[in-house]
Each structure stands twice: as structure tokens, then as C-alpha cells.
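Shown next, in C-alpha cells, is the structure this report addresses.
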Amino acid sequence: DFLKDKGCAHITTSKSGISGEGMVEKSDYVGNLKRFRKLWTKKELEAGLSESSFDILDYYEVSDPYEKEWMVFTVQRSD
């Protein structure tokens, strides 16, 4: 395990209205860079964290200048 019992972590990822994954071209980057992306809905990521023995201590959302919405979680390992 990389996180000890009761250890905390900060997780930030972009918010998506749909779940999905795959190779996606980065639209706001020069050079047509493709990268693997996992698109998370809030509900899906909350469920995944809970199933992985994390308690959500804090949650908020942030908008950036590029019109992206970010989900910010502070979690604690509960086992």
C-alpha cells in the first residue's frame, strides 16, 4: 500500500458529465497531442473512492480560465 491507514490524499481531476475512457486529442495544446483519459462523473468517482476504502473529508469544484471544471477531493483511508 502506498497510503497508510488513516493517511490523507488530495485528488483533483476534471469533471465530466459522462463516464468514459480512451485516447483523446488534447484540444488546448499545440501539436495534436493524444493521451489516455479517464472521464469521471462526480457520482462515479465518489463511488470508486468509497469502494477503495476512502472517506471524503472535503470536496469542492473550481473553474479555470480555459472553461474546465475541476473536482477537488480530500480523502482519508478508512481501513
Side-chain angles (χ1 to χ4, degrees):
D1 295 331
F2 71 92
L3 191 62
K4 295 181 180 184
D5 290 351
K6 302 297 182 187
C8 293
H10 178 88
I11 299 170
T12 302
T13 189
S14 53
K15 184 178 182 181
S16 179
I18 58 168
S19 176
E21 62 183 46
M23 297 301 291
V24 178
E25 188 172 308
K26 187 164 173 56
S27 61
D28 59 352
Y29 188 81
V30 178
N32 301 327
L33 177 68
K34 282 192 174 184
R35 61 190 180 151
F36 180 83
R37 290 289 311 197
K38 169 64 178 127
L39 303 176
W40 295 96
T41 65
K42 180 183 178 196
K43 183 177 179 179
E44 177 187 28
L45 187 49
E46 286 175 331
L49 290 168
S50 178
E51 291 168 9
S52 299
S53 299
F54 286 99
D55 293 326
I56 298 170
L57 303 178
D58 191 29
Y59 173 82
Y60 59 94
E61 296 181 10
V62 177
S63 299
D64 72 15
Y66 304 102
E67 299 181 11
K68 290 183 183 176
E69 298 290 321
W70 296 89
M71 300 183 291
V72 182
F73 289 87
T74 302
V75 298
Q76 184 175 38
R77 188 166 166 192
S78 59
D79 60 356

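Keep in mind that this is a model prediction, so the values were computed, not measured. We use all heavy atoms of the structure for the numbers below, so side chains are in, but hydrogens, waters and symmetry mates are not.
- For Y66, the OH atom counts as loosely surrounded, since its 6.0 Å shell holds 12 or fewer non-hydrogen atoms of other residues, nucleotides or ligands.
- With values rounded to the nearest 0.5 angstrom, F73 atom CZ is found 9.5 Å from T12 atom OG1.
- L57 and F54 are not part of a single hydrophobic cluster, where members link through side-chain heavy atoms under 4.5 Å apart.
- Heavy-atom minimum distance, L3 versus A9: CD2-CB, 4.2 Å.
- The NE2 atom of H10 sits 9.5 Å away from the CG atom of D58 when rounded to the nearest 0.5 Å.
- To the nearest 0.5 angstrom, L45 atom CG is 12.0 Å from L39 atom CG.
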Checklist entry - Taking it one step at a time, do S52 and R77 satisfy side chain to side chain contact (heavy atoms under 4.5 Å, CB included)? => result CA-CA 8 Å; S52 299; R77 188 166 166 192; over 6 Å; no

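- Of all heavy-atom pairs spanning E21 and F36, the tightest one is CB-CZ, 3.8 Å.
- A donor-acceptor pair under 3.5 Å links the side-chain atoms of S78 to the main chain of S53, judged by distance alone.
- The neighbour count for K34 NZ, taken as heavy atoms of other residues, nucleotides or ligands under 6.0 Å away, does not exceed 12.
- Considering only heavy atoms from C-beta on, L49 comes within 4.5 Å of I11 through its side chain.
- Closest non-hydrogen pair, T13 versus W70, comes out as C-CE3, 3.4 Å.
- Note on K42 versus E69: no salt bridge recorded, every NZ/NE/NH1/NH2 to OD/OE distance being 4.0 Å or above.
- The OG atom of S19 lies 12.0 Å from the NZ atom of K43; values are rounded to the nearest 0.5 Å.
- Proximity of a side-chain donor or acceptor of Q76 to a complementary backbone N or O of C8 within less than 3.5 Å is not detected.
- Atom CD of E61 is surrounded by more than 12 heavy atoms from other residues, nucleotides or ligands within 6.0 Å.
- Annotation: cation-pi geometry satisfied between K38 and W40 (NZ/CZ under 6.0 angstrom from ring centroid, within 45° of ring axis).
- There is a path of hydrophobic side-chain contacts, each under 4.5 Å, that joins V75 to Y59.
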